Amino acid sequence: MFRLVKGVPEDWQSHLQRDIQDDPDVSDCHRAALSCSRTLEDIKELQSAIPWLRRRRIARADLEPKHGKILETGGAGHHSLWLKAQYHQNCGTLFVTVP
């Protein structure tokens, strides 16, 4: 899995945890997930398509089913990741920055 990060603790908190108000059609279930991509190519495509994401770093994790669930939830390879509760506190340690 790949995720764009700033290098701050909030990188590992969902919109729901940070009380970010999304479009009214977005459910709390989707707001509780972390945005990510399955491939490096997809995350780079997303990063290059959205100017404010270009300053973010790419982080990678080798996740297994025991870590949680993932679902494709948007275009351009966008996925939502729901980590199991036991991984929320150490989510940042599951990912490493890609050089």
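Every value quoted in this text rests on a predicted model; they were computed, and no experiment measured them. For reference, positions follow the sequence shown, starting with 1.
Residues meeting the ring pair (Phe, Tyr, Trp, His ring centres under 6.0 Å) test with His15, sequence neighbours left out: none. Scored by the side chain to side chain donor-acceptor pair (under 3.5 Å) test, His88 finds no partners at all (sequence neighbours excluded). When the side chain to side chain donor-acceptor pair (under 3.5 Å) test is applied to Asp42, the partners found at least two apart in sequence or on another chain are Thr39. Every residue was checked against the side chain to side chain donor-acceptor pair (under 3.5 Å) condition with Arg57, not counting sequence neighbours, and none meets it.
Trp12 and Ile20 fall into different hydrophobic clusters, where Ile, Leu, Val, Met, Phe, Trp and Tyr residues are linked whenever their side-chain heavy atoms come under 4.5 Å apart, directly or through other members. When hydrophobic clusters are built by joining Ile, Leu, Val, Met, Phe, Trp and Tyr residues whose side-chain heavy atoms come closer than 4.5 Å, directly or via intermediates, Leu83 is grouped together with Met1. Note: the hydrophobic cluster containing Leu53 also contains Phe2 (ILVMFWY, side chain heavy atoms under 4.5 Å, direct or indirect links). Under a hydrophobic-cluster definition in which Ile, Leu, Val, Met, Phe, Trp and Tyr are linked whenever side-chain heavy atoms come within less than 4.5 Å, directly or via other members, Leu34 and Phe95 are assigned to the same cluster.
Residue pairs meeting the ring-ring contact (aromatic ring centres under 6.0 Å, His included) criterion with at least one partner in residues 23-50, sequence neighbours excluded, are His30-Trp82. Among residues at least two apart or in separate chains, there is no ring-ring contact (aromatic ring centres under 6.0 Å, His included) pair with a member in residues 36-60.
The CG atom of Leu4 sits 6.0 Å away from atom CD1 of Ile58, with the distance rounded to the nearest 0.5 Å. Taking CZ of Arg3 as the start and CG of Leu94 as the end, the distance is 12.0 Å to the nearest 0.5 Å. Note that CZ of Arg31 and OG of Ser80 are 13.0 Å apart. Values are rounded to the nearest 0.5 Å. Atom-to-atom distance recorded for His78:NE2 and Glu72:CD is 10.0 Å, nearest 0.5 angstrom. Within the model, atoms CG of Asp25 and CG of Asp23 stand 4.5 Å from one another, a figure rounded to the nearest 0.5 Å. Of the inter-residue distances, the one linking Leu81 atom CG with Tyr87 atom OH reads 12.0 Å to the nearest 0.5 angstrom.
Atom CZ of Arg55 has 12 or fewer heavy atoms from other residues, nucleotides or ligands within 6.0 Å. Within a 6.0 Å sphere centred on CD of Gln86, other residues, nucleotides and ligands contribute more than 12 heavy atoms.
Between Cys36 and the choices Leu63, Ile43, Ile70, Leu46, the side-chain contact (heavy atoms from CB on, under 4.5 Å) rule is met once, by Ile70.
Closest non-hydrogen pair, Lys66 versus Lys84, comes out as O-CD, 3.2 Å.
At distances below 3.5 Å, at least one donor-acceptor pair connects side-chain atoms of Gln47 with backbone N or O atoms of Arg56.
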